[in-house]
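Beneath this line is the structure, given in structure tokens, with notes to follow.
The analysis underlying the following values was restricted to heavy atoms, covering all of them including side chains, and did not include hydrogens, waters or symmetry mates. Numbering of ligands and ligand atoms starts at 1, following listing order.
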Amino acid sequence: MSLPKKISKEKDGKKIDAPVKKGPAPIGLVRGMKDILPSEQPLWDLMRDKARELSSAYGFERIDTPVLEETALFVRGVGKLTDIVEKELYSFETEGGERLSLRPEMTAPVVRAYIHHGMLNLPQPVKVWYIAPMFRHDRPQHGRYRQFWGFGCEVLGEENPVVDAQLAFLGWLFMKELGIETTVRINSIGTPESRANYKNALVTYFRSKRSKLSDEDKKRLLKNPLRILDSKDPAAQEMKTEAPQIVDWINEDSKAHFMRVLEFLDELGVPYQMDPYLVRGLDYYSRTVFEFYANSSTKELAQSALGGGGRYDGLAETLGGRPTPAAGFSLGLDRIFLHLKDMDLPVPEQTVDVFVAQLGDQGRKKAIAIFEELRKSGIKATEAFSKDAIKVQIEMANRRKVKFAVIVGQKEVLDGTAVLRDMDSGTQEIVDARKIVHEIQKKLGKIV
Ligand code: AMP
């Protein structure tokens, strides 16, 4: 079969001929996914370092779970009728007939691991943290991606309200220490039983106004009426202001638990707002639920929570484990990154002390060895071994603002020496190659 020399394209409704491009078309980025480029890594490091520092300071240990889990984990854990499971799960069947999904969130996998490894036999509570990518086949937009990163902490095996408050505090503190002021919106959604009664009240209320609901919300009315409270549709938002509030349906125990959470939050100085219509979109929550919102935000991000969490006392049992009260939070690092980027923070430059330059093949070999010695002794060095011209290498050394350059050419190899150049003054000295590390350590004040 011969290929056409020209292909037809449509432009302004008219067919035009475009020349066939040579070579294969470049493969693009998958829709809704994004790369984190080297230039963006310093801000990501700020978040990763802060997550590690605070989790460890508050007694959490790191956990990593696989990206793939059995689909049933999310169907049972997160809930069959939630948006996450119904619309956003990346699922597939393997040749062996396993039904697997890319994780859309981390709480169910953490509880699965807790049950699987018999962690209920450890001293309770078990406190774990993670930084992990998650996947949701959501409609991509600013701050909403199909792969996104979460930082979260989970406390398993404890129902004391101080845990709920401490978790909300920790999420808030993480962002505060990164320079982002947030407010915690908080509510209690009680037990599954009280929630069922509340759902009935909500259905009765919205059914009386059904004609004004959008098609999407009409579906929610049948399947998952609590989700109408999260609807972005203006009509639903207006109706919501008169809707029954869950706080009137929760039992005395849940109320008392919630009051204590709020008392602890007052004590910890966390700014919070009660939000009677906050329900969160996942089935496993019970009692406390909360979300974090930035106090100042760009228009595109104003509606987006930077994170959320709450108590999930029934989840372990739903997943086949023993009853285990638990609570946690998860923060969306991609969204926090967008805030950090807007803040124009000074990013600390990666400082390097020494540039190892070389001339000729023998020089290059010796320079490789010297570089390795410097690295092993803890001196920050850089190089450009693929370059030949010494001028180019010295220019690079200047650009990296190094203090010293070590230069090894054919002559130095033969003499067993190296040239040590002070980049500020431009002065050079010949040093015994075996003593070069020692000499630099002395000049850097690392030894006397
Ligand atoms: P959720 O448990 O669904 O409330 O998610 C917890 C947090 O993860 C949210 O508050 C967001 O910050 C973040 N998040 C959720 N979905 C996405 C997404 N598609 N893209 C980026 N971040 C997300």
Side-chain angles (χ1 to χ4, degrees), residues 29-36 40 44 47 51 67 73-74 77-79 81-90 101-111 129-154 167-168 170-172 174-175 178 180 182-187 189 224 226-227 229-232 275 277-286 288-295 297-298 300-312 315 326-342:
L29 187 63
V30 175
R31 191 167 131 78
M33 306 268 166
K34 75 187 180 51
D35 301 308
I36 303 177
E40 297 172 323
W44 280 85
M47 297 192 284
V67 163
L73 175 65
F74 304 112
V78 175
L81 298 178
T82 57
D83 282 358
I84 292 180
V85 168
E86 219 177 25
K87 300 186 196 152
E88 298 168 3
L89 216 50
Y90 278 91
S101 294
L102 289 173
R103 62 178 173 217
E105 59 95 54
M106 272 297 280
T107 303
V110 165
V111 175
W129 73 279
Y130 60 81
I131 284 187
M134 303 170 220
F135 305 83
R136 294 185 192 174
H137 198 268
D138 214 343
R139 198 162 53 82
Q141 51 189 289
H142 190 65
R144 189 170 289 281
Y145 311 103
R146 290 181 171 172
Q147 172 176 334
F148 61 96
W149 288 81
F151 156 52
C153 289
E154 314 282 350
L167 286 162
L170 204 48
W172 170 80
F174 172 79
M175 292 182 278
L178 288 173
I180 305 169
T182 61
T183 299
V184 180
R185 293 191 197 159
I186 192 161
N187 194 19
I189 57 170
N224 196 350
L226 291 182
R227 299 298 297 158
L229 300 176
D230 285 338
S231 173
K232 298 275 179 285
D275 182 345
Y277 298 110
L278 179 71
V279 287
R280 310 253 314 122
L282 301 85
D283 277 1
Y284 52 62
Y285 285 112
S286 57
T288 320
V289 288
F290 51 82
E291 279 180 351
F292 302 92
Y293 285 85
N295 293 353
S297 181
T298 57
E300 297 119 305
L301 277 180
Q303 297 292 316
S304 310
L306 294 184
R311 183 157 277 288
Y312 48 91
L315 181 57
F329 72 79
S330 182
L331 304 180
L333 294 184
D334 303 80
R335 289 185 192 170
I336 295 174
F337 170 80
L338 292 174
H339 275 272
L340 293 178
K341 217 162 91 176
D342 278 349

* Asked: Which is it for Asp138 and ligand 1 at heavy atoms under 4.0 Å: side chain, backbone, both or neither?
  -> side chain
* Asked: Can you check whether Phe74 reaches Thr82 side chain to side chain, under 4.5 Å on heavy atoms?
  -> no
* **Min side-chain heavy-atom separation Phe148-Asp138 under 4.5 Å** => no
* Polar side-chain atom of Asn187 near backbone of Val279 as donor-acceptor pair, under 3.5 Å -> no
* **Arg280, any N or O under 3.5 Å of ligand 1 N or O** => yes
* Short N or O distance, Leu331 and ligand 1, threshold 3.5 Å exclusive -> no
* To do: Any atoms of ligand 1 less than 4.0 Å from a non-hydrogen atom of Gly143? List them with their elements.
  => 20 (N), 21 (C), 22 (N)
* Would you mind running through ligand 1 and noting each atom that sits below 4.0 Å from a heavy atom of Gly307? => 10 (O), 12 (O)
* Structure fact -> Here the pair of heavy atoms bringing Phe174 nearest to Ala51 is CE1-N, 3.5 Å
* To do: Report the distance from atom OH of Tyr90 to atom OG of Ser101, rounding to the nearest 0.5 Å.
  => 12.0 Å
* Asked: Going by heavy atoms, is Arg335 under 4.0 Å from ligand 1?
  -> yes
* To do: Name the closest protein heavy atom to atom 6 (C) of ligand 1, giving the residue it belongs to and the distance to 0.1 Å.
  => Ser330 O, 3.9 Å
* To do: For atom 15 (C) of ligand 1, state which one of Arg136, Met134, Gln147 supplies the nearest heavy atom.
  => Arg136
* Structure fact -> Nearest non-hydrogen protein atom to atom 13 (C) of ligand 1, with distance, is Gly332 CA, 3.6 Å
* **Contact check, side chains of Arg146 and His137, non-hydrogen atoms, under 4.5 Å** => yes
* **Positive for salt bridge (charged side-chain N to carboxylate O under 4.0 Å, His left out) with Asp334, one of Lys34, Arg136, Lys341** => Lys34
* Trp44 and Phe337 aromatic centres sub-6.0 Å -> yes
* **ligand 1 to Tyr145 polar contact by distance, N or O atoms, under 3.5 Å** => yes
* Taking distance alone, with no angle check, do Phe148 and ligand 1 share an N/O pair under 3.5 Å? -> no
* Would you indicate which of Ala305, Gly310, Gly171 comes nearest to atom 9 (C) of ligand 1 when only heavy atoms are counted? => Ala305
